[in-house]
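Taking it in order: structure first as structure tokens, then the write-up.
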Amino acid sequence: MTIVLIVVIVLLLALLGAGTATVVRRNQSGLGGRPSGPTITPAEPQPDRPGGTDVVAESGEALAPPDGRPRLADRLGRAKSLFGTSLAAIRGRARIDDATFEELEEALLLADVGLPLTNRLLADLRDRVRSGEAGDSPTALLDLLKSDVVALFAGEDRELQVASDPPSVWLFVGVNGVGKTTTIGKLAAREGASGRSVVVAAGDTFRAAAGDQLAMWAERSGADIVRGADGADPSSVVFDAVQHAAARGADLVLADTAGRLHTKVNLMDELRKVRRVAARPPGTVTEVLLVLDATTGQNGLVQAREFAEAVEVTGVVLTKLDGTAKGGIVCAIRSELGLPIKLVGLGEGAGDLVPFDPEEFADALFA
Amino acid sequence: MFDTLTDRFDGIFKRLRGRGHLGDAEVGEVLREIRVALLEADVSLEVVRDLVERIRARCSGAELSKSLTPAQQVIKVVNEELTATLGGEAFRLAYAPRPPTVVLLAGLQGAGKTTAAAALALWFKQQGRHPLLVGADLQRPAAVEQLRVLGRGVGAAVFSEGTDPVAVATKGVEEAVRVGRDVVVVDTAGRLAIDEDLMDEVRRVAAAVKPHYTFFVVDAMTGQDAVRSATAFGEALDLDGVILTKIDGDARGGAALSVKHVVGKPIAFVSTGERPESFEAFHPDRMASRILGMGDVLTLIERAEREYDAGAAEKAVERLRAGRFTLEDFHDQLQQMKRMGPLQSVLGMLPGVPKEVRDAQIDDRDVARVEAIIRSMTPAERDDPSLINGSRRLRIAAGSGRTTSDVNNLLRQFKEMQKLMRSGGAVGAAARAGARKAKKVKGGRVTPSLKDAGSLR
């Protein structure tokens, strides 16, 4: 409470400045036009749009045979054609010199790997060049770096866990706009197709129409959805979903949460509560998945740290990797925090969520 | 938002401050630090190189001045270069001579286009315009519904139908003409720059409605991809500016630095929160000052002007000066302040706020608790807290659901504040600050009273 007084004093000081200014220029906007708070309205879903009709069928098909799944490499052609390959020059070179390392540094930094990890990877590489271990071919050097990146992800358990005693709860957390709801939609389709009965919990009661968005996904995949009123306590929605799942004998509850910046203490507290409530019997929280946008820069590491600290994140879902973003920040997250990267989002269709593959990822990083 | 960058520069310049001379070695060291800081802040690699070179040229070149210390010189140069990189002058929006003025929003998925559309509609309303929102995002499930709900919240009409984006946008503009709306904000689906079909679609939307302004919406947390995406969107669409979203987190906002530089279009607006009110025009000079730890007083004053009741503010200042500031006044001010947004974000804008205070986690619920306590007092008690004896204290605690020690704390601190005000330290300084407000903003000086306030803690 101390802080409030400090702030008020500070603000009053600012007000003195503002006060004098207001005398000169009268407040124009007034308060009449201000909204009187959120309006709560019943849902009136829009007609289903492109992609919606064939998605369910496609998902079953796309997911069943392992060969049919979308691959990162397939998606890269387009990105490459637009931006060229920054490392083509390296392979063409005869020997390793400072320029080679500069180009490697550039590639890593441009992929959002971050300066500390980039420096570490390259220092290690320099040592090995010096000791003769790396040979003298830039191509071999690049391959060595790739295998170092792959090694970052060695030994991670990418399996999505379920409890021996259903229902298991998978909780999805992350900042705004990373694709939590879409990821849940895709997973509901995938898990449903693999024979699990799924309940989705519309725990994002803050963003307008987030529940409607999830409801459309649930409809496509045939999952049950449990919703609350707009602005309702997300914990209560998740609680109801777990109860519902237990009563129906469902295997899995996929719990959506509102996007929140990790700096908002009260919202992070709310998330802690959601996790606590979800873990109450009969529910068991087996996964807390941090959804991370591949375009995220160095702030991703801070996000991961804060969310991990608040709700014991068990893994990362890297979304939107089908664009020009490389998602290199997951390297830093893996090496700093040891979180496994479990899934990758490669598009908007229900089948476009695939297990993370370090080899493909490393290839794409230097493509 | 740019706090970490600010801290880094603080660190560099603290070391520099003690030196009388700036040699090549020092410049090199400073530039290395600046490079690291900028890269960690997600500034595009290309921009970092460019910026560092420009700063180097000016620091070691002929521009050295006798009247400034080396540290001041570097700060001046960095500030000017940051400002130049961020976009020189503030973006100005001119309305179409023949309404409606059409604004098109485009960007990647999840950048915050729909929220920004509603916020922009509110902004136009505050400018005295009559916006119509057009929901042309028919891709994401329930995107139009989201826009409808947000539109209702800000009191702007929303037009959409389930045909196709080009038709919706075209009809939206026709609808605006028909019902006499003078601004149209078109929200489009998120798309990847490399998705040729969708890029073609947004190109056709633009061709159909001929927007007066096309904004690229980008998330402040974006890394090196910001530049790649912005370039691709810039090639497909005739961009006029950028809307930077989610800058209320701790992302260092390097995207802000890079996009303008690479795309050559200014940042027009920034959104500082999830609510439509948290949205403002972008001022590059203020942002550069902020990166350098000088606060953003102008934005704060503007916000205060928008949200504060001038008469009440004047009265409060008067009472403060006279030392007759009561709990009732305090409570009123608290209400006014709450309208300016979360305390944390307001605090971040003030110059010279001690780091401990700025970094302190401020829970807006604490404000509610203080309010509850004050509201549980009688008018007489608010006017003269010395009336409050043991039994009144118990009643207030029970009434507000707090403990008596919470009540005591509040009363003690309020008393201390009053004492401080009366002693003239704060009021005197603040009054002076008010008088030379206009000059002070640029200089970013630490008002002594702010330090006093900090020591209260």
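Residue numbers start from 1 in every chain, and the chains themselves are labelled A, B, ... in the order their sequence lines are given, proteins ahead of strands.
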Review point. When rounded to the nearest 0.5 angstrom, what distance separates CD in A:Glu105 from CG in B:Leu39?
Key: 7.5 Å
Exercise for review: Please examine the side chains of A:Lys326 and B:Arg228, heavy atoms only from C-beta on, and report whether any two atoms are closer than 4.5 Å.
Suggested key: yes
Revision key, fill the gap. Tightest non-hydrogen contact, residues A:Asp112 and B:Asp225, listed as OD2-N, 4.2 Å
**Study point:** For the student: nearest non-hydrogen atoms of B:Glu40 and A:Pro116, plus distance
**Key:** OE2-CD, 3.3 Å
Practice item. Measure the shortest side-chain to side-chain distance between B:Leu108 and A:Thr295 over non-hydrogen atoms and say whether it is less than 4.5 angstrom. Key: yes
Practice item. Go through the steps for A:Gln213 and B:Glu145 under the test side-chain hydrogen bond (donor to acceptor under 3.5 Å, both in side chains), then give the verdict. Key: CA-CA 9 Å; A:Gln213 186 183 347; B:Glu145 180 56 21; over 6 Å; no
Check your understanding: Which atom names give the shortest non-hydrogen contact between B:Leu192 and A:Gly323, and what distance separates them?
Key -> CD2-CA, 3.7 Å
**Study point:** Heavy-atom pairs under 4.5 Å with chain A, option from B:Ala226, B:Gly112, B:Gly223, B:Ser44 with the top count
**Key:** B:Gly223
Review point. Yes or no on side chain to side chain contact (heavy atoms under 4.5 Å, CB included) for B:Lys246 and A:Asn176, after CA distance, side-chain angles and deciding distance?
Key: CA-CA 8 Å; B:Lys246 307 180 210 171; A:Asn176 314 65; 4.2 Å; yes
Exercise for review: Among the options A:Ala210, A:Gly259, A:Gly177, pick out the one with the most heavy-atom pairs lying under 4.5 Å from chain B.
Suggested key: A:Gly177
Check your understanding: Is the shortest heavy-atom distance from the side chain of B:Met221 to the side chain of A:Gln298 under 4.5 Å?
Key -> no
**Study point:** 4.5 Å side-chain heavy-atom contact, A:Asp212 and B:Pro141
**Key:** no
Point to revise | Closest approach of B:Glu274 to A:Leu267 (non-hydrogen atoms, all atoms of both residues) | key: OE1-CD1, 4.2 Å
Exercise for review: Flag the pair B:Arg191 and A:Glu348 as a salt bridge only when some basic side-chain nitrogen lies within less than 4.0 angstrom of an acidic carboxylate oxygen.
Suggested key: no
Check your understanding: With side chains defined as the heavy atoms from C-beta onward, is the minimum distance between A:Thr296 and B:Thr222 less than 4.5 Å?
Key -> no
Revision key, fill the gap. In terms of heavy-atom pairs under 4.5 Å with chain B, the winner among A:Val178, A:Leu214, A:Leu109, A:Asp293 is A:Leu109
**Study point:** side chain to side chain contact (heavy atoms under 4.5 Å, CB included) between B:Val36 and A:Leu115, intermediate numbers included
**Key:** CA-CA 7 Å; B:Val36 172; A:Leu115 200 55; 3.7 Å; yes
